[in-house]
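This report refers to the structure that appears directly beneath it.
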There are 2 protein chains.
Amino acid sequence: MDYSDFDLETFLPFRLNRAAEFIALRFAATYKAEYGLTRPEWRTLAALGSSGRMTATAVGTHSTMHKTKVSRAVFALEERRWLKRTQDEDDRRVEHLELTAAGQNAYRELTRLAGDYSAELTDLLGSEGLRALASGLDAVEKAMVRRRR
Amino acid sequence: MDYSDFDLETFLPFRLNRAAEFIALRFAATYKAEYGLTRPEWRTLAALGSSGRMTATAVGTHSTMHKTKVSRAVFALEERRWLKRTQDEDDRRVEHLELTAAGQNAYRELTRLAGDYSAELTDLLGSEGLRALASGLDAVEKAMVRRRR
DNA sequence: CGAATATGGTTTCAAACGTAACTGTCGATT
DNA sequence: AATCGACAGTTACGTTTGAAACCATATTCG
């Protein structure tokens, strides 16, 4: 009953999606189980941890998240005292976000786990497969920039 | 303020996720806008369209979807008269799913669009990038099988 | 100046989601 | 044939989501 030559199994969006789910979920399980973090929260933490003080909008562009996700993540992290906000002097719409000492500790711990997972991935995919994947992702990212989201 | 050498921008789960979102969302926009389909619905349609009559569980494994997603998608497609169920004679737990004529038409139309999009992707990523990505995905899929989800 | 428009961030609302509990059926064991 | 565990599929429930409306402030331009 094959009404055409289409096959989901070879359709790039499908494959990419499934692969991403597989790879990301394994790590998500870690930060969720160990720290009760959601993905937006982890990403926000990561963005602030590696780039330091920045605004919510900047976090959003940096980690490609919708503003509402960022807003909620910031709120959650703030509640947990891992992050503090300060209003911009000149523009009172803007708020600057920064990790607290506790936030920095969590960030360090999590990046350690992220490192472990990266190693595990190298192992899981093989250096050959990893290289291919990385260069494929380069291509996608170039295309993303060209198409400006 | 870089408390470590971690960089989200190079972290595979993040990159993969973002790429998948980018690639998949562009196509999702099509079937959503044109047909009001959700992703589970499109996947179910695609599975049944290319492999013909099968059970809900089979759709799930074929397209890696949770049973509840399949259940809801089947319900929606049935309501739209794109799909019909028939109970198995021997095992009354099992139901066989099949596209109606209307469903097959929709499937044909959508696979045409999927084909267009694939071509667009080749264009967007370049044959080199596409090849790399595909072989990277091969590696991931091998790993998935090894780790059995 | 004052009106219109843009921007940073939040809130609301309906849809989609996953987990877990559920229903109904089957096969195996006794 | 009564009981048990396994399985197909659904439902209920609380959570997460994105779109759009919103609030407050800033900027542009008539």
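Quick note on labels: first sequence line is chain A, next is B, and so on, each numbered from 1. Note: hydrogens, waters and symmetry copies are ignored here, and every other heavy atom, side chains too, is used. Note that the structure is a prediction, hence the values are computed from the model and not measured.
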Please encode protein proximity along nucleotides 16-22 of chain C as a string of B, S and -, counting only heavy-atom distances under 4.0 Å. SBBBB--
Could you tell me if the side chain of [Y] sits less than 4.5 Å from the side chain of [X], heavy atoms only?
| X | Y | result |
| --- | --- | --- |
| B/L113 | B/Y35 | yes |
| A/R26 | A/L121 | no |
| A/E98 | A/L83 | no |
| A/Y31 | A/Y117 | no |

Verify the contact: side-chain N or O of A/S71 to OP1 or OP2 of C/dT11, cut-off strictly under 4.0 Å; return yes or no.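 It does not, given that no N or O in the side chain of A/S71 lies less than 4.0 Å from OP1 or OP2 of C/dT11.
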To the nearest Å, how far apart are [X] [atom1] and [N] [atom2]?
| X | N | atom1 | atom2 | answer |
| --- | --- | --- | --- | --- |
| B/F75 | C/dA15 | CZ | P | 14 Å |
| B/M54 | D/dG9 | CE | C1' | 15 Å |
| A/M65 | D/dG18 | CE | P | 10 Å |

Does anything in residues 82-97 of chain B come within less than 4.0 Å of DNA chain C? Heavy atoms only, and list the residues if so. B/D90, B/D91, B/R92, B/R93
Check A/R18 with A/E21, please: is the shortest side-chain N to carboxylate O separation under 4.0 Å? no
Is it true that B/D138 and B/K142 make a salt bridge, defined as a side-chain N closer than 4.0 Å to a carboxylate O? no
Nearest 0.5 angstrom please: B/K84 NZ to B/L99 CG, how far?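 These two atoms lie 9.0 Å from each other.
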